[in-house]
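All remarks here apply to the structure that follows.
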Number of protein chains: 2
Amino acid sequence: MQLTMTGEYALRAMLYICSYPMGTFFQISDIAIKNDIPDNFLRKIIPRLCKAGILRSQRGTSGGVSLLKHSKEITPLHVIETVEGEMALNKCLIGSDFCSKERWCSVHILWCETQQKIKEMLSGKTFEELAKTNSERFLHFHSHKQNNKSQKKSKNNKE
Amino acid sequence: MQLTMTGEYALRAMLYICSYPMGTFFQISDIAIKNDIPDNFLRKIIPRLCKAGILRSQRGTSGGVSLLKHSKEITPLHVIETVEGEMALNKCLIGSDFCSKERWCSVHILWCETQQKIKEMLSGKTFEELAKTNSERFLHFHSHKQNNKSQKKSKNNKE
DNA sequence: ATTAAATGTGACAAAAACACTCCTATTTGG
DNA sequence: CCAAATAGGAGTGTTTTTGTCACATTTAAT
């Protein structure tokens, strides 16, 4: 009944990325270090976010990743389901043959309603809002890294 | 992000038990067969419900289990947390050192709110209601077994 | 062209969780 | 004492999780 580390890391990475201006490029190893994520593991997660159109990646020297979709259009649910697959509270909600028709029951209905509510809540805030709230509270926290980043931004911000 | 089979089986068993009058005794093997639960597995789950005061068990010949708490006082959340431990959507909600204070973040708050909502929903209906709804829809389903049960009930209903 | 620096990806592996099974108590009515 | 029921610890095979590693690919700069 828990998010896996894959989802957790994806959320951390997205919150980090979204706390900088759109267009800023990041190296995966930088994201990993700043957010306590195993570098090699993050390298398996980021490409999924790229394929989903959330991030864009650039290979080669001075490459990296940056936001493709605007943070106001990205929600936690979106990120979680991108990296972990569709969320399902109970196996019988996946649509398999786990639940026989005979056992379609009142508890099943409760699961459906609960799951629906969760999805609403996890898609009720955008990363723009989340990142804003976060940086308002901790604007001192990454402040010294902003300089590095703006320098890098000017180098890579070519489109 | 899913209920385990332990929780699923516990819910099935409770829904089954609560669809009969309070005081009715059931053998574990009977519950297992009627609800597609591996017998040996259910034997590891039932004792937890007994220790939590939800069920009562009777050893020895013509023993079994029956409701101890009234079904109107039992909720799905109660059953799930009894057999699976406290529900936590994210490791950082367990209270461990998973989440550093520095990373207390806006996503964390969203987790808290979502988890709270889930708990509200899963404790918003009692098994009395759930069993009633269920039997109204499928009162034909276990009807032929009611006879067996009432026979057994008269034998064991000694308190 | 070469090279260095970045991401992409498939294979592999250790560890943990899950979903049981098995065996041996222990209790209880007859 | 025996048969029938639950109690519970130990063990086991499978799957999932959480990575690691090696190698391939792409790209900018020299």
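Only this structure's heavy atoms are used, side chains among them; waters, hydrogens and symmetry mates stay out. Naming: A, B, ... by sequence-line order, numbering from 1 per chain.
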Subject >> Rounded distance in Å - CD1 (A:Ile31) to C1' (C:dA6) >> reply: 13 Å
**OP:** Would you mind reading off the distance between B:Arg43 atom CZ and C:dC23 atom P, rounded to a whole angstrom?
**Re:** 15 Å
Subject >> Integer-rounded Å distance: D:dT6 P and B:Phe25 CZ >> reply: 10 Å
Original post:
Rounded to the Å, how far apart are A:Ile94 CD1 and D:dT16 C1'?
Top reply: 13 Å
Original post:
Would you say the base of C:dT26 and the side-chain of B:Arg59 have a donor-acceptor pair closer than 3.5 Å?
Top reply: yes
Original post:
Hey, are A:Gln2 and B:Asn90 close enough side-chain-wise for a donor-acceptor pair under 3.5 Å?
Top reply: no
Original post:
In terms of side-chain heavy atoms of A:Thr61, which of D:dT27, D:dT18, C:dT9 is nearest?
Top reply: D:dT27
Subject >> Phosphate OP1/OP2 of D:dT18: any A:Tyr9 side-chain N/O under 4.0 Å >> reply: no
**OP:** Answer yes or no: does a side-chain N or O of B:Ser57 lie under 4.0 Å from OP1 or OP2 of D:dA7?
**Re:** yes
**OP:** Using whole Å, report how far CZ of B:Arg48 lies from P of D:dG9.
**Re:** 11 Å
Original post:
Which sits closer to the 5' end of DNA chain D, A:Leu3 or B:Cys50, going by the nucleotide each is nearest to?
Top reply: B:Cys50
Original post:
So which one's nearest nucleotide on DNA chain D is more toward 5', B:Lys91 or B:Asn40?
Top reply: B:Asn40
Subject >> Length of the line joining B:Ile45:CD1 and D:dG8:P, which is rounded to integer Å >> reply: 14 Å
**OP:** Tell me yes or no: between the side chains of A:Arg56 and A:Ser66, is some donor less than 3.5 Å from an acceptor?
**Re:** yes
Subject >> Atom-to-atom span, CZ of B:Arg12 to C1' of C:dA19 - whole angstrom >> reply: 13 Å
**OP:** Check whether more than 12 heavy atoms from other residues, nucleotides or ligands sit under 6.0 Å from atom NZ of B:Lys132, and answer yes or no.
**Re:** no
Subject >> Any A:Lys44 side-chain nitrogen or oxygen under 4.0 Å from OP1 or OP2 of D:dC21 >> reply: no
**OP:** Would you indicate which nucleotide in C:dA19, C:dT7, D:dT6 comes nearest to any side-chain atom of B:Met5?
**Re:** C:dA19
Subject >> d(CG, A:Leu49; P, C:dT9) in whole Å >> reply: 13 Å
**OP:** From the options C:dT7, C:dG8, D:dG8, select the nucleotide whose nearest atom is closest to the side chain of B:Pro47.
**Re:** D:dG8
Original post:
When you look at A:Tyr16 and A:Asp30, which way does the side-chain hydrogen bond (donor to acceptor under 3.5 Å, both in side chains) test go after all the steps?
Top reply: CA-CA 11 Å; A:Tyr16 178 71; A:Asp30 173 66; 3.2 Å; yes
**OP:** Indicate yes or no for a side-chain donor-acceptor contact from A:Glu81 to the backbone of A:His78 under 3.5 Å, with no hydrogens or angles considered.
**Re:** no
